[in-house]
Amino acid sequence: MSRERRLEKEISFDATPDQVWAAISSGPGMSIWFVPHELGPEGEGEADFGGGNTQAGQVLAREEGKRIVYGTADSPGALEFLVEGRENGGTVLRFTQSGFFDGDDWSAEYDSFDRGWNLFFHNLAQYFRYYGGLPATTLVTGSTTALEPDEVWAKFRTALGVDPAVALGDRVRLTPDGLPPIEGEVDYLVRGVFGVRAPEGLHRFQGLGAESGGMVNTIHYYYGAAPNRDATTAAWQRWLLDLFPVTGS
């Protein structure tokens, strides 16, 4: 690995430094916008990326209210968050990811993480604007596919009842089989990611298939009143596996 290869972002939020700090420094906070997290009293933690894919880590450094670094003791890779208040109100979050793999394929890894963090920080901005202060129940599902990106999107679109010409800001009604309909606004639409903001929360459907390791997943953030977590996760996981049976099964 190389510490010289770093992914850096600077994001402004219409929220106080305390609010942003709470969102990046605890399990419940990270679950609001990222994936389900658990953090123990000694800084040990685990992130759930869906489909049985979990990742362990720990807090490597912490300056209360200002800076936190996540990683593992035996790896040079790390995620650093710096929180700073703005003079005119709001907060700037400076983020750095280090520890990218050496080799010819490092740029593909970088691009994949870059796309992911763009979505996750957008989620946090949406949370502050539309759901601020509400607790989150976050569900993640995952599968794999050998399909190409356009084929992945076509399957998602058909299964959700989405018009091929759907655009950012459109009102939509999603009709996933076996699950309640979702009515809301398209708040995120880039190649490989389709997102809807609904009254109950945020719904994300993503994957580039064979172009990006074959992974496809969904993430659902229910804010405030929430459905049964285990039952709803199982229902979304069944839906995704019906759509994208695990490669090789």
Just do the side chain to side chain contact (heavy atoms under 4.5 Å, CB included) check on V162 and W153 with the steps written out, would you?
CA-CA 10 Å; V162 176; W153 165 238; 4.2 Å; yes

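- With sequence neighbours excluded, the residues satisfying salt bridge (charged side-chain N to carboxylate O under 4.0 Å, His left out) with D187 are R204.
- With a 6.0 Å radius and a threshold of 12 heavy atoms from other residues, nucleotides or ligands, K66 has its NZ atom at or below the threshold.
- Here the closest non-hydrogen pair linking A136 and S31 is CB-O, 4.3 Å.
- A donor-acceptor pair is defined here as one N or O able to donate and one able to accept, closer than 3.5 Å; such a pair exists between the side chain of H37 and the backbone of V35.
- Atom CG of residue L93 and atom CZ of residue F81 lie 6.5 Å apart, to the nearest 0.5 angstrom.
- The two residues R62 and S25 come nearest to each other via the heavy atoms NH1-O, 3.4 Å.
- You'll find the ring centres of Y188 and F205 outside the 6.0 Å limit.
- Side-chain N or O atoms of T91 include one that pairs as donor or acceptor with a backbone N or O of A15 at under 3.5 Å.
- No path of Ile, Leu, Val, Met, Phe, Trp and Tyr side chains, each step under 4.5 Å between heavy atoms, connects I219 with V193, placing them in separate hydrophobic clusters.
- Ring-plane geometry between W236 and H203 is classed as tilted, the angle between the planes lying from 30 to 60 degrees on a 0 to 90 degree scale.
- Residues that satisfy the side chain to side chain contact (heavy atoms under 4.5 Å, CB included) test with E38, not counting sequence neighbours, are absent from this structure.
- Between W117 and F34, a ring centre-to-centre spacing shorter than 6.0 Å is recorded.
- Note: the hydrophobic cluster containing F121 also contains L79 (ILVMFWY, side chain heavy atoms under 4.5 Å, direct or indirect links).
- More than 12 heavy atoms of other shown residues, nucleotides or ligands fall within 6.0 angstrom of atom CG in N53.
- In terms of the side chain to side chain contact (heavy atoms under 4.5 Å, CB included) criterion, residue partners of P227 (sequence neighbours excluded) are, by chain and number, Y222, T232.
- Contact of the Q206 side chain with the L119 side chain is registered, since non-hydrogen atoms from C-beta on lie closer than 4.5 Å.
- In this structure, S112 OG and L208 CG are separated by 8.0 Å, a value rounded to the nearest 0.5 Å.
- Across all non-hydrogen atoms, the minimal contact from E183 to R173 is OE2-NE, 3.0 Å.
- Side-chain atoms of S143 come within 3.5 Å of backbone N or O of F244 as a donor-acceptor pair.
- Pairs passing the salt bridge (charged side-chain N to carboxylate O under 4.0 Å, His left out) check and including a residue from residues 206-233, sequence neighbours excluded, read R191-E211.
- For the pair R67 and E80, the minimum side-chain heavy-atom distance is below 4.5 Å.
- The shortest distance between side-chain heavy atoms of F95 and E8 does not fall below 4.5 Å.
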Hey, mind stepping through L7 and T96 against side chain to side chain contact (heavy atoms under 4.5 Å, CB included) and telling me if it holds?
CA-CA 6 Å; L7 190 162; T96 301; over 6 Å; no

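- Two residues are said to be in side-chain contact when any heavy atoms from C-beta on lie closer than 4.5 Å; T144 and V216 fail this criterion.
- Separation of atoms CG (L202) and CD1 (I182) is listed at 11.0 Å; rounding is to 0.5 Å.
- Using modelled atom types, one finds a donor on one side chain and an acceptor on the other under 3.5 Å when comparing R197 with Q126.
- G90 and P17 get closest at one heavy-atom pair: O-CD, 4.4 Å.
- Heavy-atom neighbours of R86 CZ from other residues, nucleotides or ligands within 6.0 Å: above the threshold of 12.
- Within the structure, salt bridge (charged side-chain N to carboxylate O under 4.0 Å, His left out) contacts touching residues 147-167 (residues at least two apart or in different chains) do not occur.
- Closest non-hydrogen pair, A226 versus T137, comes out as CB-OG1, 3.2 Å.
- Side-chain atoms of Q237 come within 3.5 Å of backbone atoms of G142 as a donor-acceptor pair (strictly under, hydrogens ignored).
- Side-chain contact between V172 and V196: present, with at least one pair of heavy atoms (C-beta onward) separated by less than 4.5 Å.
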Derivation and outcome, side chain to side chain contact (heavy atoms under 4.5 Å, CB included), residues V140 and T218
CA-CA 6 Å; V140 186; T218 74; over 6 Å; no

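- Taking OG1 from T141 and CG from L241, the interatomic distance works out to 7.5 Å, rounded to the nearest 0.5 Å.
- For Y223 and Y130, the gap between ring centers reaches or exceeds 6.0 Å.
- Between the Y127 side chain and the G133 main chain, a donor and an acceptor come within less than 3.5 Å of each other.
- Hydrophobic clustering, with ILVMFWY side chains joined whenever heavy atoms are under 4.5 angstrom apart, keeps M215 apart from W239.
- If you chain together hydrophobic residues whose side chains sit under 4.5 Å apart, L124 and I11 fall into the same group.
- A distance of 10.5 Å separates CG of D14 from CD of Q19, quoted to the nearest 0.5 Å.
- In this structure E44 satisfies the side chain to side chain contact (heavy atoms under 4.5 Å, CB included) test together with P41, E42, sequence neighbours excluded.
- Counting non-hydrogen atoms of neighbouring residues, nucleotides and ligands closer than 6.0 angstrom, the CG atom of D177 reaches no more than 12 such neighbours.
- Within the 4.5 Å cutoff, the side chain of H122 has no heavy atoms near those of the N118 side chain.
- Remark: side-chain polar atoms of N123 are paired, donor with acceptor, to backbone N or O of W33 under 3.5 angstrom.
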Evaluate I32 against T138 for side chain to side chain contact (heavy atoms under 4.5 Å, CB included), listing each step before the verdict.
CA-CA 7 Å; I32 280 170; T138 303; over 6 Å; no

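- A donor-acceptor contact shorter than 3.5 Å links the side chain of D170 to the backbone of A167.
- With a 4.5 Å cut-off on side-chain heavy atoms, R94 and K9 do not count as touching.
- T72 and G57 make their closest contact through CG2-CA, 3.9 Å (heavy atoms, listed as atom of the first residue, atom of the second, distance).
- Residues L168 and V166 share a hydrophobic cluster, clusters being chains of Ile/Leu/Val/Met/Phe/Trp/Tyr side chains in contact below 4.5 Å.
- With contacts defined as side-chain heavy-atom distances shorter than 4.5 Å, the pair V59/Y70 qualifies.
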